Amino acid sequence: MMRIRIRGNAPVLSMESAPMIDALNQKHGIPGAVSVVEGKNHLPKVVLTHRSGSRAEIYLHGAHVCSWVDSTGEERFFLSREAWFEPGKPIRGGIPVIFPQFGAGPLPPHGLARLYSWEIARTERLPSGAVRLRLCLDSTPEMLAQWPHPFHLEFEVLLDEALAIVLRAKNTSGEPFAFTSALHTYFAVQDIKRTKVLGLKGVTLADAMQKGAREVETREAIAFDRETDRVYVQAPDAVRIRDEARDLTITIEKSNLPDVVVWNPWIEKARRMPDFGDEEYPFMVCVETGQVEKPRSLAAGALWECRTRFSVSR
Ligand code: TA6
């Protein structure tokens, strides 16, 4: 039983969390591939390591991938130094799992999935050497009081030289429901002013900075010189981030996720976010893959599955 005590303004898990984490490691750990350890604020996290040298860290809280170090040893995800690691609050960085609501609405911003602790369903080292973690989340009465549609979620992380994510949602109710969802990925860049997003030319976008006004992207390479918050609708299944300062390209490949969101808060919004450092905006860009523009309907008992894969090249 993991009890949470409040000391000051941050909950500190009682020492009882240590035995729980040990038990999870005993059950799910795989030497040289998977370990369950105590992360920030004593929250449990799963560490995946691949023989190529790549590694990933996933908190059970929110099924939140907070780190992906590729085989060169460099961190590819941004994590704010001000990020919260507290039950009921989202972690600022990595891959926030967004379900069943993207953005603002009747639920907390970006929905419920990132606010709750998930369970470890399975850990594997595949014959290929790839390492796979599956987490799951079942709707609880507390969640259903906010969103009255029973669901079962699965979140899979596949680590090899690349990193791939599978998100599944099953409608476990007797009625259809509709949802929006995304993998809200924060990428680490050396300098946002020397960063471009490629592959969205000709795509229709809704610009949150222009009250959702629509336009067609005319640029082959999207550059950043201000707050940027744009939903690209029915975007191609492959887009790229060009980190010119590091001379590297991150390729993002999606399936069964129609939209791409591009976001950088820039100066003023960065200052308004308590869990984001005022001077951190130059070192990150969000390129998110999602079902954002149009809600996805899911029939009673039906299963929805989407994928996103991240790879790095020079
Ligand atoms: O994906 C872009 C966005 O919707 C922005 O509008 C901004 O709100 C960002 O997500 C972060 O949202 P969060 O709720 O994590 O602070």
Side-chain angles (χ1 to χ4, degrees), residues 59 61-66 77-116 146-147 155 165 167 179-189 192 195 197 200 203-215 217 222 224 226-235 239 241 250 252 254 257-278 280-296 306 308 310:
Y59 279 79
H61 176 59
H64 203 120
V65 182
C66 280
F77 289 160
F78 167 86
L79 182 66
S80 173
R81 64 172 179 274
E82 307 294 338
W84 299 317
F85 285 83
E86 296 176 33
K89 290 187 174 182
I91 298 172
R92 178 73 63 190
I95 310 179
V97 179
I98 310 299
F99 180 92
Q101 171 193 290
F102 183 91
L107 295 174
H110 288 325
L112 302 172
R114 66 179 184 168
L115 304 179
Y116 291 88
Q146 303 173 72
W147 196 67
F155 182 81
I165 303 291
L167 176 62
F179 66 93
T180 50
S181 181
L183 296 174
H184 193 299
T185 310
Y186 287 70
F187 295 92
V189 296
I192 190 63
T195 297
V197 172
L200 291 168
V203 179
T204 297
L205 67 102
D207 186 348
M209 306 312 296
Q210 303 298 329
K211 297 185 173 52
R214 283 172 177 262
E215 63 182 84
E217 182 58 68
I222 297 166
F224 298 86
R226 68 196 70 183
E227 182 177 352
T228 303
D229 190 349
R230 301 156 81 101
V231 178
Y232 289 83
V233 180
Q234 298 298 325
V239 295
I241 300 169
I250 297 175
I252 302 154
K254 62 181 175 72
L257 285 168
D259 309 323
V260 167
V261 183
V262 177
W263 178 60
N264 182 287
W266 218 251
I267 299 169
E268 294 312 316
K269 179 141 189 181
R271 288 180 179 155
R272 295 197 301 270
M273 296 191 290
D275 60 335
F276 189 90
D278 291 355
E280 288 188 309
Y281 73 91
F283 309 111
M284 54 73 64
V285 65
C286 280
V287 179
E288 308 155 35
T289 49
Q291 176 78 51
V292 173
E293 165 76 4
K294 287 198 176 70
R296 174 73 63 118
C306 68
T308 300
F310 311 106

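Everything quoted here is computed from the prediction, not taken from an experiment. Quick note: numbers below take in every heavy atom, side chains included, and nothing from hydrogens, waters or symmetry partners. Atoms within each ligand, like the ligands themselves, are counted from 1 in listed order.
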Heavy atom of F102, distance to ligand 1 below 4.0 Å: yes
M209 heavy atom under 4.0 Å from ligand 1: no
For the backbone of R81 and the side chain of E280, can you confirm whether one donor and one acceptor N or O come within less than 3.5 Å of each other? yes
Using a 4.0 Å heavy-atom cut-off, say whether R230 meets ligand 1 through its side chain, its backbone, both or neither. neither
With a cut-off of 4.0 Å, which atoms of ligand 1 are near a heavy atom of V261? 1 (O)
Salt-bridged, R92 to E82, with N to O below 4.0 Å? no
With side chains defined as the heavy atoms from C-beta onward, is the minimum distance between C286 and F78 less than 4.5 Å? no
Do M209 and R226 have side-chain heavy atoms sitting under 4.5 Å apart? no
Do the ring centers of F179 and F99 come within less than 6.0 Å of each other? yes
Closest to atom 5 (C) of ligand 1 among protein heavy atoms sits D229 OD2, 3.2 Å
Numbering the atoms of ligand 1 from 1, which are under 4.0 Å from a heavy atom of H184? 1 (O), 2 (C), 3 (C), 9 (C), 10 (O), 11 (C)
Measuring only between side-chain heavy atoms, which start at C-beta, is Y186 closer than 4.5 Å to S80? no
Among all protein non-hydrogen atoms, which one is nearest to atom 15 (O) of ligand 1, and what is the separation to 0.1 Å? R114 NH1, 2.9 Å
Just jot down the ligand 1 atoms closer than 4.0 angstrom to any heavy atom of E288, in number order. 1 (O), 2 (C)
When you measure from the side chain of H110 to the backbone N and O of G103, does any donor-acceptor pair fall under 3.5 Å? yes
To the nearest 0.5 Å, atom CD of E268 lies from atom CG of D278 at 9.5 Å
Atom 8 (O) of ligand 1 sits nearest the protein heavy atom K269 NZ, 3.4 Å
Which bit of R272 is near ligand 1, meaning a heavy atom under 4.0 Å away: side chain, backbone, both or neither? neither
Check contact between R92 and ligand 1, using heavy atoms of the residue and a distance below 4.0 angstrom. yes
